[in-house]
Amino acid sequence: MKILLVDDSKTMRNIWKKVVLGIEGTEAVEAGDGVEGLEAIKEHGPFDLMLVDWNMPNMTGLEMITKVRETDKDTPIIMVTTEAEKPRIIEAIKAGVNNYVIKPFTPDALMEKIDETMKKVNAG
Amino acid sequence: MGVDLKSQIDTALIALFVKSTKNVLSTMIGVEAKVRKPDLRNDLQPTHDVSGIVGFTGEMTGSVIISFHEETARSLVKSFTMEDYDLKSDDFADAVGEICNMIAGNAKKDFGIDAGISIPNVVIGRDHYVTRLRDVPCVVIPCVTEYGEFSVEVNIKKVSPVAV
Ligand SMILES: [Mg+2]
């Protein structure tokens with residue numbers, strides 16, 4: 001499984017990486033903002049899953065996801081963010097995220113959301 | 001001047017920061033933060049040497065500073081990242097910034113208004129000064145952990161939504 005990790009915090013990307021690399025046969029590509037995220041898709045895509053932060057410089061996660069969904073309706077996207085207000089979550093779902101993880105989270109909680117998302121996608 | 005800032009302290013708002021600080025430290029770092037009685041700050045100097053600053057936008061203005069004793073920051077970052085970063089490295093600042101980002105964001109979710117947060121800034125060094133809103137109390141929440149002390153310094157106020 002090839003996973004794209006987009007967060008402006010390298011610390012956070014490392015935490016995600018430890019979780020996803022625990023899944024057998026996983027490869028992770030990192031990006032530090034929405035612009036880099038879109039570039040990574042062009043260069044290394046397609047991905048099987050994307051984890052995307054909301055608050056980032058240059059291009060937010062929400063803007064990036066909106067752009068991705070213009071051409072790609074299928075790749076599962078999990079937003080992982082401190083943005084936890086209901087209107088924000090609704091905004092993200094409208095933009096096309098498949099699942100949502102609120103920071104702070106435990107590695108187990110993130111893994112559960114990844115499992116849940118992939119199961120739903122694979123079930124069609 | 002005769003403005004009584006102490007009477008303007010929004011205790012419900014301060015409680016949200018206490019809750020989010022405890023939540024972030026216990027969930028992400030596995031550390032319990034004990035909180036002492038909050039107090040007003042009058043000067044511009046944060047309590048400690050390593051400060052993460054997050055600004056608020058939208059219907060909230062001002063900022064929150066999370067100021068760590070150097071050794072506290074070093075130990076918390078080590079426990080958070082499993083790495084022993086140099087205090088002057090970008091990686092160290094990144095980890096401090098992300099802790100502050102989560103504390104500010106986690107408090108914001110319960111404001112009940114439409115507010116945003118800025119990308120965190122991190123300042124490291126003795127005797128740094130941070131400007132702030134003068135007409136709003138700056139409330140310092142002293143926190144103690146097994147790794148030492150830090151403080152959460154809240155200087156924010158609600159603003160009326162601007163018609164677009
Ligand atoms: Mg971020």
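All values below come from the heavy atoms of this structure, side chains included, with hydrogens, waters and symmetry mates left out. Being a predicted model, the structure only gives us computed values, none of them experimental.
- Contact check for A/Thr11 versus B/Asp91: no side-chain heavy atoms found under the 4.5 Å cut-off.
- Put simply, the side chain of A/Lys103 does not reach to within 4.5 Å of the side chain of B/Met28, judged on heavy atoms.
- Under a hydrophobic-cluster definition in which Ile, Leu, Val, Met, Phe, Trp and Tyr are linked whenever side-chain heavy atoms come within less than 4.5 Å, directly or via other members, B/Ile103 and B/Val123 are assigned to different clusters.
- Between A/Pro104 and B/Asn23 the shortest side-chain heavy-atom distance falls below 4.5 Å.
- Salt-bridge formation is not detected for the pair B/Glu98/A/Lys10: no Lys NZ or Arg NE/NH1/NH2 atom is positioned less than 4.0 Å from an Asp or Glu carboxylate oxygen.
- For B/Lys22, the NZ atom sits in a packed shell: over 12 heavy atoms of surrounding residues, nucleotides or ligands are nearer than 6.0 Å.
- Cluster annotation: A/Leu38 is connected to A/Leu62 through the hydrophobic network of ILVMFWY side chains, with a link wherever side-chain heavy atoms come within less than 4.5 Å.
- Using a cutoff of 4.0 Å between basic side-chain nitrogens and carboxylate oxygens, B/Asp94 and A/Arg13 are not scored as salt-bridged.
- Contact record, B/Thr81 with A/Lys18: O-NZ, 3.5 Å, taken as the closest heavy-atom pair.
- Put simply, B/Met60 and B/Ile53 are part of two different groups of oily side chains (I, L, V, M, F, W, Y) that touch within less than 4.5 Å, one to the next.
- Residues A/Leu49 and A/Val101 share a single hydrophobic cluster, defined by chaining ILVMFWY side chains whose heavy atoms lie under 4.5 Å apart.
- The structure places CD1 of B/Ile119 at 9.0 Å from CG of A/Asn58, a figure rounded to the nearest 0.5 Å.
- For A/Asn55, the parts lying under 4.5 angstrom from a heavy atom of chain B are both the backbone and the side chain.
- The environment of CG in B/Asp90 is sparse: at most 12 heavy-atom neighbours from other residues, nucleotides or ligands sit within 6.0 Å.
- At a threshold of 4.0 Å, the pair A/Glu83-B/Lys109 does not count as salt-bridged, since none of the basic side-chain nitrogens sits closer than that to a carboxylate oxygen.
- Under the 4.5 Å side-chain heavy-atom criterion for Ile, Leu, Val, Met, Phe, Trp and Tyr, A/Ile78 and A/Ile41 are members of distinct hydrophobic clusters.
- Of the two parts of B/Phe80, the backbone and the side chain both hold a non-hydrogen atom closer than 4.5 Å to a non-hydrogen atom of chain A.
- For A/Lys2, the NZ atom sits in a packed shell: over 12 heavy atoms of surrounding residues, nucleotides or ligands are nearer than 6.0 Å.
- Contacts between B/Ile117 and chain A at a heavy-atom distance below 4.5 Å involve backbone atoms as well as side-chain atoms.
- Nearest heavy-atom pair across A/Asn14 and B/Tyr85 is ND2-OH, 4.0 Å.
- Neither the backbone nor the side chain of B/Ala107 comes within less than 4.5 Å of any heavy atom in chain A.
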